[in-house]
Amino acid sequence: MRIPIQSVTPETGHAEICGWVHEERDLGGLAFFLIRDRTGILQVTIPKKKVSEAVLAAAKKVSRESVVRVAGTVKAMEKAPGGRELIPDTFEIINLAETPLPLDVSEKVGAELDTRLDARFLDVRRPRVAAVFQIRSAALHAINNFFHKEGYISITTPKIVAAATEGGTELFPIAYFDKEAFLNQSPQLYKQMMMAGGFEKVYEIGPIFRAEEHNTTKHLNEATSIDIEVSFADHNDVMKTLETLILKTYEYVNRSCSDQLANLELTDFAVPKAPFTRLPYREAIEIAQRTCSEPIKYGDDISAAAEHAIGDEMGSHYFITDWPTEIRPYYAMPYEDDPSICKAFDLMHPRMELSSGAERIHQYDLLVQQIKKKGLNPESFEFYLRPFRYGMPPHAGWGLGAERLIMTMLGLSNVREAVLFPRDMHRLVP
RNA sequence: GCCCAGGUAGUGUAGCGGCCUAUCAUGAUUGCCUGUCACGCAAUCGACUCGGAUUCGAAUUCCGACCUGGGCGCCA
């Protein structure tokens, strides 16, 4: 019976392990093999005079990163990594790996991201890379948990759609039988429709697709969006929810992923401090005008340089609130007393935007008016507008980029590090 | 889409008109070695992205193609 390497201790007695050959060192009469599975690394020690011919033959033949099954006696050994080693009585090569390897799993020499992504299956064998995805898994678990505890209904909405969410041209067209269709850029319209469906609190974690030809370390053409929509809530309510979710996620990762964080050398991992500052857009612009070398004025989008300048000033997570209605999507709710600004917000990490959200317009006439103001045709949004005529409650929500959350949480320099098989302008394989 | 910077053994690099039969590390192959933990030692193997041009001579300069990284716009 195979047991995980993590649970092999000097008290184990006889053990059978399965895994990959991480490193081999042959000292002549004595050989050492480091065997790795997803839980850890164990040293297999072969005193050549004391083991069987079969073990010797296998040890001679096996190459690095081959898959093996090794069984034998576990002994306490101070000189061995982890204080224990396994002396094999059987050493079976399950699958021999070809040589040379496309990249060095033991990390003696580096590999560029492009090389790593081409051989991602090998790249993720490296413990520090695996740690990122184990943490990503834990973070998404914490997020799912949070929503279930809070009574949200998990939904999945179509990724193949007939119309754009926000107008725009940044959609991937696909052939859908004899019709024109697109990959969805956001679940926005569908989660709002479920407010008319009376679900009240919904969330979805799923893929979003953007055909923008951006070439940066924080954009993907296929990303994972964490989306919520809540009825009878306003922008402040859902900002509070987002803030709590971020804290809970960091706390869970901090609590349950200490090995992985150690692998990533994140000994100073810190849960952000709440409450996050609510910084009105107007004040954000003032900070940028004061501290950023590039000129910016009220009404502009916040440029990367301005974003960094404001981020430096704020130092940790913060919200930018009260945006000019003009530069937000048509569905953002304008303030009653000043319709030039709206109840939209972005959640910012000092390095980049993580999330954007808003209280939405729930009145049919106002929504149609805003769609027209953006130069869009309400007729192409009929499927979306229809629910607004039959009892749409007030509601608010946001979308949070899962990869950016992981990237900023772990200090990754490229968002591609947070996706197993990233899709960007140049990469469609593997 | 615009603007930079690059493409040298399996991997990561040095070289930037002749000293290149191309450096170093890692790796692979073979041999030696009983406590390695980036083991050590010896030998061997393995590369200038492609096409054109300039030149007596091109990895090195120029042009084009292809590929890659990064910045910007925009956004999650």
Side-chain angles (χ1 to χ4, degrees), chain A residues 22-34 41-51 60 63-65 75 77-83 85 87 97-119 122-123 165-166 168-170 185-188 205-227 242 294 300-308 327-329 346-349 352-357 398-408 413-416 418-419 424-427:
Chain A
H22 190 67
E23 282 184 58
E24 22 183 324
R25 289 184 202 102
D26 187 347
L27 272 61
L30 190 65
F32 301 102
F33 288 82
L34 297 183
I41 291 177
L42 178 66
Q43 176 168 292
V44 169
T45 302
I46 300 181
K48 291 189 183 170
K49 285 177 184 161
K50 295 180 188 165
V51 298
K60 183 158 176 56
S63 56
R64 289 169 77 206
E65 294 306 318
K75 286 186 176 153
M77 174 55 70
E78 243 178 72
K79 294 179 219 168
E85 65 184 7
I87 315 294
E98 282 182 24
T99 58
L101 296 162
L103 57 82
D104 176 21
V105 177
S106 66
E107 303 192 89
K108 283 175 201 156
V109 289
E112 291 197 357
L113 187 58
D114 191 48
T115 306
R116 293 172 45 204
L117 293 175
D118 280 340
L122 268 180
D123 184 48
T165 303
E166 293 162 27
T169 53
E170 67 272 335
Q185 69 184 126
S186 155
Q188 180 66 28
I205 300 175
I208 56 170
F209 304 92
R210 311 260 164 117
E212 290 148 8
E213 295 183 343
H214 33 44
N215 192 2
T216 80
T217 54
K218 57 183 185 182
H219 288 93
L220 295 162
N221 292 297
E222 179 179 19
T224 308
S225 178
I226 300 159
D227 262 90
L242 179 50
E294 281 180 27
D300 288 349
D301 278 317
I302 295 177
S303 67
E307 192 176 289
H308 295 148
I327 57 173
R328 298 299 288 204
D346 280 356
L347 173 65
M348 307 297 297
H349 177 274
M352 74 191 77
E353 179 182 340
L354 292 181
S355 168
S356 64
W398 43 253
L400 167 66
E403 285 79 16
R404 287 193 180 179
L405 176 65
I406 300 303
M407 178 187 182
T408 52
S413 60
N414 193 316
V415 72
R416 291 163 183 81
V419 197
D424 62 35
M425 258 174 91
H426 304 295
R427 183 171 288 277

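Predicted model, so just to flag it, every value in this text is computed and none were measured.
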Quiz item: Between Leu122(A) and Pro102(A), what is the shortest heavy-atom contact and its length?
Solution: CD1-CD, 3.2 Å
[atom1] atoms of [N] and [M], separation to the nearest Å:
N	M	atom1	value
A22(B)	C16(B)	C1'	12 Å
C50(B)	C66(B)	P	16 Å
G15(B)	C20(B)	C1'	9 Å
U55(B)	A14(B)	P	31 Å
G7(B)	U11(B)	P	15 Å
A38(B)	U26(B)	C1'	10 Å
G46(B)	G27(B)	C1'	10 Å
U23(B)	U29(B)	C1'	22 Å

Exercise. Go through Glu85(A) and Thr45(A) one step at a time and tell me if the side chain to side chain donor-acceptor pair (under 3.5 Å) criterion holds.
Key: CA-CA 6 Å; Glu85(A) 65 184 7; Thr45(A) 302; 2.7 Å; yes
Quiz item: Could one point to a donor on the side chain of Glu307(A) or the base of C75(B) with an acceptor on the other under 3.5 Å away?
Solution: yes
Quiz item: With no angle test and no hydrogens, is the base of C74(B) tied to the side chain of His219(A) by a donor-acceptor pair under 3.5 Å?
Solution: yes
Exercise. Supply the atom-to-atom distance Lys49(A) NZ to Leu30(A) CG, rounded to the nearest 0.5 angstrom.
Key: 11.0 Å
Quiz prompt | Interatomic distance, Glu65(A) atom CD to Leu103(A) atom CG [nearest 0.5 angstrom] | solution = 9.0 Å
Quiz item: Could you go step by step and tell me if Arg416(A) and Met407(A) meet the side chain to side chain contact (heavy atoms under 4.5 Å, CB included) rule?
Solution: CA-CA 9 Å; Arg416(A) 291 163 183 81; Met407(A) 178 187 182; over 6 Å; no
Expressed as a whole number of angstroms, how long is the span from [X]:[atom1] to [N]:[atom2]?
X	N	atom1	atom2	answer
Asp346(A)	C74(B)	CG	P	13 Å
Asp26(A)	U34(B)	CG	P	10 Å
Glu24(A)	C33(B)	CD	P	18 Å
Glu213(A)	G73(B)	CD	C1'	12 Å

Quiz item: Does the distance from a Lys or Arg side-chain N to an Asp or Glu carboxylate O, for Asp26(A) and Lys60(A), drop under 4.0 Å?
Solution: no
Exercise. May I ask you to say whether Arg328(A) pairs ionically with Asp346(A), meaning some side-chain N is under 4.0 Å from a carboxylate O?
Key: yes
Report which part of the nucleic acid [X] touches: base, sugar-phosphate, or nothing (heavy-atom distance under 4.0 Å, all strands).
X	answer
Ile226(A)	nothing
Ala80(A)	base
Asp301(A)	sugar-phosphate

Taking only side-chain nitrogens and oxygens of [X], does any of them come within less than 4.0 Å of OP1 or OP2 of [N]?
X	N	answer
Asn414(A)	G70(B)	yes
Lys60(A)	U30(B)	no
Thr217(A)	G71(B)	yes
Lys108(A)	G27(B)	yes
Thr216(A)	G71(B)	no

Please write out the pairs of protein N or O atoms and N or O atoms of nucleotides 46-50 of chain B separated by less than 3.5 Å, giving the distance to one decimal.
none

Each nucleotide N or O in nucleotides 11-14 of chain B that has a protein N or O under 3.5 Å away: list the pair and distance.
from: U11(B); atom 1: O2'; to: Gly110(A); atom 2: O; distance (Å): 2.7
from: G12(B); atom 1: OP1; to: Glu112(A); atom 2: N; distance (Å): 2.9
from: G12(B); atom 1: OP1; to: Thr115(A); atom 2: OG1; distance (Å): 2.8
from: G12(B); atom 1: O4'; to: Gly110(A); atom 2: O; distance (Å): 3.3

Exercise. Check RNA chain B for consecutive Watson-Crick or G-U pairs with both distances under 3.5 Å and list the runs of at least three as stems.
Key: B:1-7 with B:66-72, B:10-12 with B:24-26, B:27-32 with B:40-45, B:49-53 with B:61-65
Practice problem: List in chain and number order the residues that pass ring pair (Phe, Tyr, Trp, His ring centres under 6.0 Å) with His349(A), two or more places apart in sequence or in another chain; answer none if no residue qualifies. | Solution: His317(A)
Quiz item: Heavy atoms, side chains only, cut-off 4.5 Å: are Ile208(A) and Gln185(A) in contact?
Solution: no
With 3.5 Å as the limit, what N/O pairs link the protein to nucleotides 4-8 of chain B?
none

Exercise. Give, ordered by number, those residues of residues 400-407 of chain A having at least one heavy-atom distance below 4.0 Å to an atom of RNA chain B; if nothing qualifies, reply none.
Key: Gly401(A), Arg404(A)
Practice problem: Indicate yes or no for a side-chain donor-acceptor contact from Ser225(A) to the backbone of Pro207(A) under 3.5 Å, with no hydrogens or angles considered. | Solution: no
